[in-house]
Every structure is written in structure tokens, then in C-alpha cells.
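Okay, structure first, notes after.
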Amino acid sequence: MIRRFQVRLLMTLASCVLGICAQAQAQATPELMRVDSEPGRIGGRLVVGQSPEPKSFNPVFALDQPTQDVLRRMNADLIHINRASGKTEPALAKSWTASKDGKSFTVQLRKGIQFSDGAPFDADDVVFSYHVYLDEKLNSPQRGLLLIGDKPMMVEKLGPYSVRFSFASPYAAAERVFDSIPILPRHLLEKEYAEGKLAQAWALSTSPQNWAGLGPFRLKQASPGDRIVLERNPYYWKIDSKGQKLPYLDELIFLIVPSRDAQVVRFQANDTQVIAPLSAENYAALMPEQQARHYNLYDAGPGMEYNFLLFNLNDDTAKLPEVVRRQVWFKGLKFRQAVSMAIDRKAMVRLVYQNRATPLATHVTPGKKQWVNATVQAPEYSVAKARELLKSGGYTWKGDSLLDTQGKPVEFTILASASNALRSQMATLIQSDLKALGINAHVVTMEFRSMLDRIQNSHDYEAAVMGLSGPDDDPNPDMTFVTSDGPLHLWHLHEKPAPGSWQAELDHLMAQQLITLDHAKRKKLYDRVQEIMGRELPVVFLVSPNILGGAQADLGNLRPAIIDSYLLWNADEIYWRTPAGNH
Amino acid sequence: MNQHSRAVISGVLLLAFHAVVVLAGFFAPYNYATQDRLHPHAPPMSAHFFDCSGKFHFWPFVYGLKDKEGSFGQYERDCDSRYPVRFFARGDRYAIAGAFSLDVHLFTVDEPGRIFLLGTDGFGRDQFSRTLYGGQVSLFAGLLAAGICVAVGMLAGTLAGFYGGWLDATLMRLAELCIAIPALYLLLAVRSYLPLQVEPAAAFALVVLVIGSVTWGRPARLVRGVVLSARERNFVLAARGFGASSAYLIRRHLLPETLSVSLTQLAVLVPQFIMFEITLSFLGLGVGEPFPSWGNLLSQAQQYHNLVSYWWLLLPGLAPIPVLMAYYALSTALQRRLDLKGEEIIG
């Protein structure tokens with residue numbers, strides 16, 4: 001008995017020693033990632049304007065863009081989408097393999113790397129993080145992304161640096177799911193999670209000593225309402241081709257600047273050195289002083305944002321007789337086609353976006369280079385053809401006014417967000433274009449949340465100018481918009497499509513593309529989705545603006561991207577070309 | 001210049017301003033909604049007598065605009081295209097006071113030429129025409145709201161002052177309540193509760209009515225004061241002694257006494273309400289697109305790029321200045337007259 005105990009003790013000791021040796025070896029030779037961008041110069045600080053202020057440093061509950069903008073510089077994901085190429089690349093996972101049935105995914109983690117507080121990173125952190133994100137009680141915004149076919153993915157530790165993710169059904173583009181899902185430090189958050197206090201952890205007032213992440217920068221100082229100062233993470237896991245540790249910048253500062261216009265002024269005064277996204281007007285306003293003030297402006301081309309004219313096609317509006325009366329027109333395909341044809345998208349591109357936008361045929365913008373169906377074109381602007389369509393639909397004219405089949409004048413209200421000048425301008429142009437058809441449209445600008453409440457909850461509206469933006473160059477994020485049960489299926493929420501209808505076909509196609517692993521087949525399915533959307537026009541698609549930005553000319557490795565964070569996505573590679581003391 | 005002349009000059013100027021905005025369709029070369037989509041943000045242009053080569057022309061003309069090479073929204077004059085200014089020429093149809101449909105304009109130029117005296121906005125709409133049309137909403141909203149406010153104030157003040165007792169107490173507490181209500185917030189609430197289907201102009205008229213009917217507190221208190229002193233005068237007491245009815249006393253003796261104070265109030269309140277409309281439209285709560293008002297014309301200047309790139313978008317902000325000055329001059333003259341009259345009576 002004693003002998004057996006001694007043997008076990010010896011074995012335990014031996015394994016401990018071996019384990020420590022292995023750990024020490026792993027720490028001695030961390031598996032760093034080498035980037036192939038231009039090697040830069042270490043030092044300096046970069047100041048960026050931020051509006052509004054981030055809400056916390058807790059990535060589990062970060063929903064809003066400003067918070068995510070800051071947190072993405074402080075955290076790292078397993079597999080990352082390269083914002084310039086749109087393709088996935090290794091991050092904390094050095095490699096991965098998918099099973100043949102597409103239902104599971106095994107990732108190998110980098111060994112020997114550490115969190116920003118020096119604590120080692122391993123598979124336990126990954127399992128803990130995904131456990132937290134998938135926790136139904138916490139209802140983290142990331143949870144929705146990790147549900148495949150309405151079922152949560154399973155996470156399983158295979159070894160200290162190996163993790164397996166399993167899905168209930170095959171999942172196309174599974175590797176893209178891991179992008180922007182930060183890995184959390186188990187050693188700092190496990191206690192809070194166990195006590196049910198995770199939501200209170202890492203508020204803006206948190207001390208930098210209590211915060212840790214795997215991103216290029218770590219928290220140095222947070223002055224609410226003023227600035228957030230991040231400093232270089234000395235444990236970051238990327239190196240350049242010369243073997244220099246990234247990031248190059250000593251500090252990255254987010255200056256809280258209350259409005260977009262104020263951000264432009266601060267950028268012009270060189271109080272901030274990077275600004276993105278920029279509106280086309282502000283881009284034009286900054287253009288003349290480019291040389292004198294040593295900044296460059298960037299036009300990264302069409303982004304993911306698609307703007308559209310939304311008609312209320314909901315069928316639960318019986319208590320709103322004024323809406324029901326107008327829905328008779330809106331539900332007619334010829335009416336929607338005529339409206340689409342009568343809208344001068346080129347004028348919209350010119351007047352609203354100063355030629356820095358593209359007319360749209362569907363929700364798939366030219367920014368989705370891999371997926372856009374080039375055969376579906378935006379309709380040609382023709383008032384004459386639009387009138388013919390209306391005539392064939394039984395509409396008539398009395399003087400300049402369009403009358404419906406009941407002889408009543410066609411008149412409706414278009415809502416636009418009061419805080420978004422561009423959408424109000426689009427609404428005004430549409431109003432003027434529809435006048436040419438004899439349609440009397442009223443534009444009502446409204447506080448955005450009130451407008452959203454009408455569109456999503458009360459359904460007390462007739463038409464609205466809206467815009468949505470996809471986070472990624474992939475069809476999956478469009479599920480929420482295209483499929484009948486999607487939360488952004490705004491024209492008809494909770495729709496129950498009739499079998500054989502085009503909406504039923506859309507639902508089927510989107511469900512199919514979700515599980516089709518072959519890219520060519522998936523593209524074919526998605527091409528068909530675009531054909532139907534372009535033909536049936538559940539909403540009238542308008543234009544997609546370009547992504548514009550500006551940065552000091554002295555910054556190296558700036559690679560503007562069309563998905564967030566436009567100019568800062570590779571903040572770890574950005575550097576000052578001239579000596580850091582100048583900045 | 002004495003008070004009487006000032007009052008007369010202010011009155012004449014105000015009449016002229018109001019006449020111009022009522023006849024905006026005639027004075028403006030274009031309709032307020034006409035968009036020239038090829039010329040957004042065109043700078044103000046002027047009529048010329050000398051052409052590019054220095055040659056003199058008897059008849060004024062404007063140049064066409066052409067895009068500057070390699071730029072967007074920047075123009076230079078096209079010396080090859082000259083358009084003579086036509087006076088009393090035909091153009092867009094318009095209606096005077098919603099009744100008479102006409103198409104004769106004071107001045108315009110032949111197509112494809114354009115005359116933009118104050119430049120264009122981001123839709124290529126003529127700012128000069130929009131400023132004239134914009135006055136229709138701003139000036140008449142002010143007049144209408146002030147008229148309602150003073151009428152309600154006169155009525156409430158006279159009744160309270162004449163009858164006294166519980167009626168006086170009730171009306172005056174109500175007036176104090178109205179004075180205490182922050183009108184801007186009330187208006188925001190009213191505007192948000194109006195159904196969407198209401199025409200923007202109708203919605204705005206309703207809002208003006210609401211404002212007029214909750215701001216009567218101050219004129220009512222002033223009128224009450226006048227009635228309180230007037231009802232004790234000898235001629236009123238004598239009329240009462242001869243058996244005059246209350247209605248007769250109010251109509252024949254008391255209301256005329258309150259007239260001067262009411263007129264002064266009117267002259268003070270109209271510019272206040274004009275500013276009120278401008279503020280509301282500036283905040284996006286006034287009339288909706290495409291109809292202009294001085295406030296929503298100015299709201300374009302809220303955006304940084306407009307301030308730095310298109311200075312002419314600020315020009316409509318100058319329009320209210322002479323109107324408000326004339327109203328204030330008129331109210332000062334009326335006030336002085338009232339004071340003198342008071343001194344005469346006391347003397």
C-alpha cells in the first residue's frame with residue numbers, strides 16, 4: 001500500500017516536474033505570429049476621436065459600436081477576418097481543421113502566450129470564454145452568433161492547447177464565427193462568473209490592474225467623459241518580419257468627442273490623427289487642406305451599408321385603417337416596381353453622397369465582392385416606364401395626382417431619422433421623384449428610437465427610409481434581414497410565408513446556403529436570393545455609401561477597410577514613420 | 001424722428017415685408033421645391049452688364065455654370081453661355097394666397113440658364129426663392145399665434161377684471177399655470193402625439209394654435225390690470241348708474257381701454273413667436289420638407305461641412321433681422337404712446 005503510494009507520489013512528482021518543464025519550455029519559446037506587413041518604428045502615441053463614450057470594458061456585454069471599437073484593440077479572437085482581404089487568418093488559434101461532415105471544428109492554440117497581466121493562456125480560457133458567451137442566463141449579444149440552427153455550439157477541451165467546437169448541423173463559413181469573439185482571462189473572471197456578478201465586472205471605473213486581455217493594447221487609464229488611454233501590451237503575440245514585437249505604438253488614446261462634426265474639427269486641428277468613418281460632405285470639407293495639414297483622405301470603396309425605402313407590409317395592422325388603406329398599394333408588386341423605377345439613384349449618389357456611393361439593386365452591396373450577383377442590376381431610372389407600370393396596374397391620373405383603382409389619391413408618409421441628415425436628404429429626393437408620378441409623399445423626420453418603435457413594435461407607419469449594415473463579407477449575417485423570422489425582416493415582421501411563395505423560397509435558399517460547405521454551390525444559392533430580392537422588391541433598395549476616412553500622412557501600414565474598424569483594424573501594425581518624439 | 005413717424009415707418013415696412021412674402025411666387029424666380037440636380041450648392045450669382053471680354057451690355061445677364069475640372073460641387077462661370085434677365089416673364093406656376101394661379105415672375109432667365117441670387121442648397125433649390133416662401137410660414141405663424149394669444153388674453157383679462165371674485169381667482173390661477181408651462185416642451189409633446197397622416201402644414205397650424213392658446217397668461221394679467229382701474233372711473237360708474245348692462249359696459253367702455261395695451265402686446269409677441277417658429281423649425285419640429293421656413297433653411301448651417309464650404313447657406317438667417325427690428329420699433333413706439341397717454345390721464 002505504502003509502496004503503491006510512493007510510486008504514485010513519484011509519478012505525480014515526475015509529471016509535475018515534466019509539466020513545469022514543458023510549461024517553462026512553452027513559455028520560453030512562445031508560438032508568436034509573424035506578420036508580413038512593412039516593418040515599422042516603435043514608439044509614439046496615436047489619438048483617435050470617439051463618440052459616444054464606450055460603456056464598459058466588459059466584452060461579454062458590449063453591444064454598441066463605440067465600446068466594441070475600443071475593446072477590439074484590447075482583445076483577441078481565435079480566428080480573425082483580415083479586414084483588407086476579407087479572408088480568415090490565424091489569430092490565437094494557430095491552425096484548425098473541420099470535420100468532413102462540417103459539424104465540428106478543432107482548433108490548435110498558440111502555446112506559451114500570455115494575457116496582458118502576464119498570466120498564461122490555454123484551452124481553459126477558451127472553454128471558459130465560450131461557456132460564458134453561450135450562457136443563456138447572461139444573454140450576451142455574442143450568443144446569437146454562436147447559435148447554429150437555433151442550437152448552441154458545444155465546446156470541448158481536447159488538450160491544454162486544443163479545443164473542439166461542435167455544431168448541431170453543418171455550418172458553412174464556420175471559421176468566420178470566431179472573428180471578434182474575445183477570449184476572456186479565466187483567472188480574473190471565473191470568480192465573478194460563479195457568483196453571478198459578471199455583468200458588474202470591468203466597468204469604466206475598473207482599475208487597470210484588474211483588467212487583462214490578449215489584444216495589442218491594455219488599459220492604462222480611463223477618465224470617463226474625457227479619454228481612454230491604452231498602452232502597449234508587452235505580452236502581445238505578434239512580431240514583424242524583423243522580429244520586432246508588435247504593436248509599434250506606445251499608446252493608443254480614445255478622446256471622447258461628442259459629435260461627428262466636432263471630430264472633424266479636432267482632426268483638422270491635429271488633436272486626433274485618425275478619423276473614420278467620414279461622411280461624404282465632411283470628406284469634401286477636409287479635402288482642400290490635405291497638403292497643408294499633412295493628412296491623407298481615404299476612399300475604401302463601397303461598404304456593407306445598404307439604404308432602402310421600406311413599405312409597411314405587416315399584416316397585423318387591422319387597427320390602423322389609414323395604414324391598411326395604403327397597404328393595398330404597397331402590396332402590389334407593380335406599385336413597388338414603379339416606385340423603384342421612378343427613384344433617381346444616380347442623383348442620390350451625386351447629391352447626398354457627392355459621387356461616393358453606388359446605386360443598389362439588392363441588399364448585397366458591391367462591397368461584398370465574393371458574393372454580389374453582377375447580373376442583378378439597379379433599375380434604370382425612367383418615369384415614363386414607371387407610369388406605364390402603374391397604368392397597367394389600374395392606376396389613373398387626375399391632373400397631376402395619381403389615383404388608385406378606387407379613384408382615391410395616392411398619398412403617404414415617409415419616415416426618416418431626424419439625427420441622420422443623409423437619410424432625410426434621401427427621403428426628400430424620393431419625395432420629389434414620386435411627385436413626378438403624381439404621388440404626394442410627406443417626409444416626417446422623427447427621433448430615431450421613436451421611429452424604430454413604430455417600425456418594429458407598433459407597426460404604425462407607412463413607409464420609411466432606413467439603412468442596415470452587415471458586419472462581414474458573408475451571406476450569413478443577412479439571415480436576419482432576408483428570412484421571414486429574422487428580427488430585421490422589417491417589411492413584414494414574423495411573416496408566415498405561404499408555401500410556394502417567393503418568401504418561402506428565400507427562406508429555403510438561405511437555410512440551404514447556411515449548411516452548404518461548397519463555395520460555388522453556396523454562391524449559386526445566394527445568387528438566386530439576390531435575383532428574387534431584386535425582382536420582388538420587398539423593399540426598394542437605394543444606394544450604398546463608400547467607406548471614407550482620414551489619417552495623418554506620417555502613419556505607416558494604414559490599410560483602409562470597408563468593415564469595422566475601418567482604419568484601426570490593424571492598430572497593432574500602425575506606426576509613425578518619423579521619430580516618435582514628434583508625436 | 002418722433003414716435004409717431006417711427007411707428008408709421010415700421011408699420012409701412014412691415015406691410016411691405018408681409019406683402020413680399022404673400023406674393024413670394026411673383027418675386028421668386030422658381031418654386032420652393034424646384035430642384036436643379038445638376039447644380040447642388042451653387043454659389044450666389046449676380047447679374048452682369050460687362051461680359052468676360054469686357055464688353056458692355058445694356059440688358060443685364062447671368063452666366064451659365066459649369067463644373068470645375070476634377071471637382072464635385074464646385075463651379076465656374078461659363079463665359080460661352082449668357083442668359084439675359086427677363087422681367088415679368090413666364091415661369092413655374094404659383095398661387096397667390098392659395099387662390100389665384102399665375103405664372104408671371106418679376107424676373108427669371110430662359111432655360112437652360114438659371115439665376116440663383118443667394119445660391120442653391122444641397123438639392124439645387126434656389127435659396128432666394130426659398131427664403132421668400134419661407135417667410136410665409138415664419139411671419140404668419142408669428143401673427144396667427146400672437147393674434148390667438150392676445151385675443152384669449154383680452155377676453156380672460158376683461159372678464160377677470162370686470163367680474164372679480166371667484167371668476168377672477170380662477171382665471172388668474174389658470175393664467176399663472178399657463179405662464180409656468182415651458183412652452184417648448186409642451187410643443188414637443190403635442191408634435192409627437194399628432195398622427196403621421198396630418199399634412200405637415202396642418203400639423204404646424206395646429207401647433208401654432210396650441211401655442212397661442214397657452215401663452216395668453218401674460219396679456220390676460222395686463223388687460224385685467226387695465227380693466228380693474230377702468231371700471232372704477234367716473235364715466236363707467238355713471239354708465240352703470242344709468243342702468244347699462246355688463247355686456248354694454250365691457251363692449252362700449254372697457255374693451256376700448258384695453259386696446260392700446262393689447263396692440264402693444266401684439267407687437268411684442270409677434271416677433272417672439274416668429275423666433276419661436278424659427279427655433280422649432282431649426283430643431284426639425286416645424287413644417288416638413290420640401291416647404292421652407294426661415295428656421296429650417298437655417299438648420300442646414302448646423303452641419304460643419306456646410307459652415308466651412310457653403311457660406312451662402314447662412315444667408316437666410318439675415319431675413320428675420322429687418323422684420324424683427326421693425327416689429328420691435330413698432331412695439332416701442334406703441335409703448336411710448338401708451339405711456340404718454342397714461343401721463344395725460346394722470347396729469
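Just so it is clear, the values below take in all heavy atoms, side chains as well, and ignore hydrogens, waters and symmetry mates. Quick note on labels: first sequence line is chain A, next is B, and so on, each numbered from 1.
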Side chain, backbone, both or neither of [X] within contact of chain B (heavy atoms, under 4.5 Å):
| X | result |
| --- | --- |
| A/L286 | neither |
| A/A421 | both |
| A/Q268 | side chain |
| A/E281 | both |

Might you point out which heavy atoms bring [X] and [Y] nearest each other, and give the distance in Å?
| X | Y | result |
| --- | --- | --- |
| A/R350 | B/D67 | NH2-OD2, 3.8 Å |
| A/D344 | B/R37 | CB-NH1, 3.4 Å |
| A/D261 | B/Y304 | OD2-N, 2.8 Å |
| B/G122 | A/L351 | O-CD2, 3.7 Å |
| B/F123 | A/Q425 | CE2-O, 3.5 Å |

Query - From CD (B/Q74) to CE (A/M287), nearest 0.5 Å - result: 9.0 Å

Query raised in the report: Does any heavy atom of chain A fall under 4.5 Å from the side chain of B/Q300, the backbone, both, or neither of them?
Result: neither

Requested in this report: Would you check if B/Q303 and A/N282 make a side-chain contact, meaning some heavy-atom pair closer than 4.5 Å?
Outcome: no

